Number of protein chains: 2
Amino acid sequence: MRLFLVDDHPVVRAGLVALLGGETDMEVVGEAAGGEEALRGIAAREPDVVLMDLQLGDGIDGVETTRRVRALPSPPQVLVLTTYETDADLMRAVDAGATGYLLKACPPEELFQGIRAAARGETVLSARVATRMMRRMREPGTALSAREVEILELLASGAGNREIARRLFITEATVKTHLVHIYGKLGVETRTAAVTAAVERRLIRLP
Amino acid sequence: MRLFLVDDHPVVRAGLVALLGGETDMEVVGEAAGGEEALRGIAAREPDVVLMDLQLGDGIDGVETTRRVRALPSPPQVLVLTTYETDADLMRAVDAGATGYLLKACPPEELFQGIRAAARGETVLSARVATRMMRRMREPGTALSAREVEILELLASGAGNREIARRLFITEATVKTHLVHIYGKLGVETRTAAVTAAVERRLIRLP
DNA sequence: CGGCGCATCAACCGATCGGTTGACCCCTGG
DNA sequence: CCAGGGGTCAACCGATCGGTTGATGCGCCG
């Protein structure tokens, strides 16, 4: 089983090499610190599974790299191995064609089994990640409308209700109504908390 | 040189062991995934240098662990080795008694030299971290105090003034005074705008 | 057709926030 | 020594925000 590592931390790459060296059925055939380097290396070495971090430091991130890797002819499986377990990270990774999503904090044995499962094309999720997905499924009504996202973005820019109303050509009353709905869906009570909650879930992105 | 590792990621610990194994003058005498475990291990093994991550997953974080380690009789040097380079993390780590602050993304050679420097009691900073500090020095009036950063972090969590006051053991009046200063330094007029400005300038990091 | 969710608006009230002025303490450095 | 900066607190005021109730119109879907 040929593996390729993509992570901007030399320490993490060394750790994976060391850990995987103990498994007789796995071999690390290449590694990369950034997206561009990864694409070149993967095209050249043709691994079976790519272990991909999402935060790569330089311009092109892990999600975009995953998308391009999966667009290669006869692409390898891509197993995301990252630090965080936000909904948006997971969704975007899956959308980009990732085969699985594991956390760096997971025990090594879970990592080994995950890699073998990914090589067989099976979807593999860390226990904590799977738990989050289940909870999302069971709690509908948390999806924000397009209008509500518009409000959130102006909110994040620090605009007051009057300013938001002016920019969207509606009245303050309407803005307040939207805000109440947003607070409810995000489970917060203040505008500031709404902004941070939205950023964490990658509903909006700070400029 | 006896080293002790504190990091909640098995992969990272394995990576450090593998990397440091190549250096003849270093020896990893113990490791821990969490704060409590670290304190017990360090007291027992008496290392020269502790490599400390700031995100430990469980209740007690790296900063608090560092503070307690430095409070031990004849404490080891603590070298923070983490992923981020926000002002908040750096300032709190230094305040807690850390000898240095390196990033996991740094090249291994910088890590080795940093450990040797830390063992001699010298302060060592990653190049990117040092750059940030220099810029802070050269632009006074825009630099937030440690206390102001504390306020900002609670602000970002969506806390109201009363909640901030309660958590920091001060009165609402004091919180408001700090906020006025923060608004002035960041060039904003509302708490929400202050949070986004602070995140953009990497003064704080969203949870 | 009759709900249902979304978007819009109004009026009201209490709570909170933004801004100001003034004050005290502690520490550091010229 | 004392000026300066940071941290703390108080009292006050107007502006804004959070929360509520109620209402209208639109499009979708069974």
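Owing to the predicted nature of the structure, the values given are computational and were not obtained by experimental measurement.
The side-chain hydrogen bond (donor to acceptor under 3.5 Å, both in side chains) test with B:T99 is passed by exactly one of B:Q77, B:R120, B:R70, B:E122: B:Q77.
As judged by a 4.0 angstrom heavy-atom cut-off over every strand, B:E189 is placed among residues touching the sugar-phosphate backbone only. Using a 4.0 Å heavy-atom cutoff across all strands shown, B:T190 reaches sugar-phosphate atoms only and no base atom. Contact annotation for A:T171: backbone-only contact, meaning every heavy-atom pair under 4.0 Å involves sugar-phosphate atoms and none involves a base.
Comparing A:V188 and B:I170 by the nucleotide of DNA chain D that holds the closest heavy atom to each, the one mapping nearer the 5' end is B:I170.
Between A:H178 atom NE2 and A:I170 atom CD1 the span is 5.0 Å, to the nearest 0.5 Å. In this structure, OH in A:Y183 is found 12.0 Å from CD in A:E148, a value given to the nearest 0.5 Å.
OP1 or OP2 of D:dT16 has not a single side-chain nitrogen or oxygen of A:N161 nearer than 4.0 Å. For A:T177 and C:dT8, the shortest distance from a side-chain N or O to OP1 or OP2 is not below 4.0 Å. For the pair B:H178 and D:dT8, the criterion of a side-chain N or O lying under 4.0 Å from OP1 or OP2 is met. The side chain of B:R147 places an N or O atom within less than 4.0 Å of a non-bridging phosphate oxygen (OP1 or OP2) of D:dT8.
A distance-only check finds a donor-acceptor pair linking the side chain of A:E37 to the backbone of A:A33 [under 3.5 Å].
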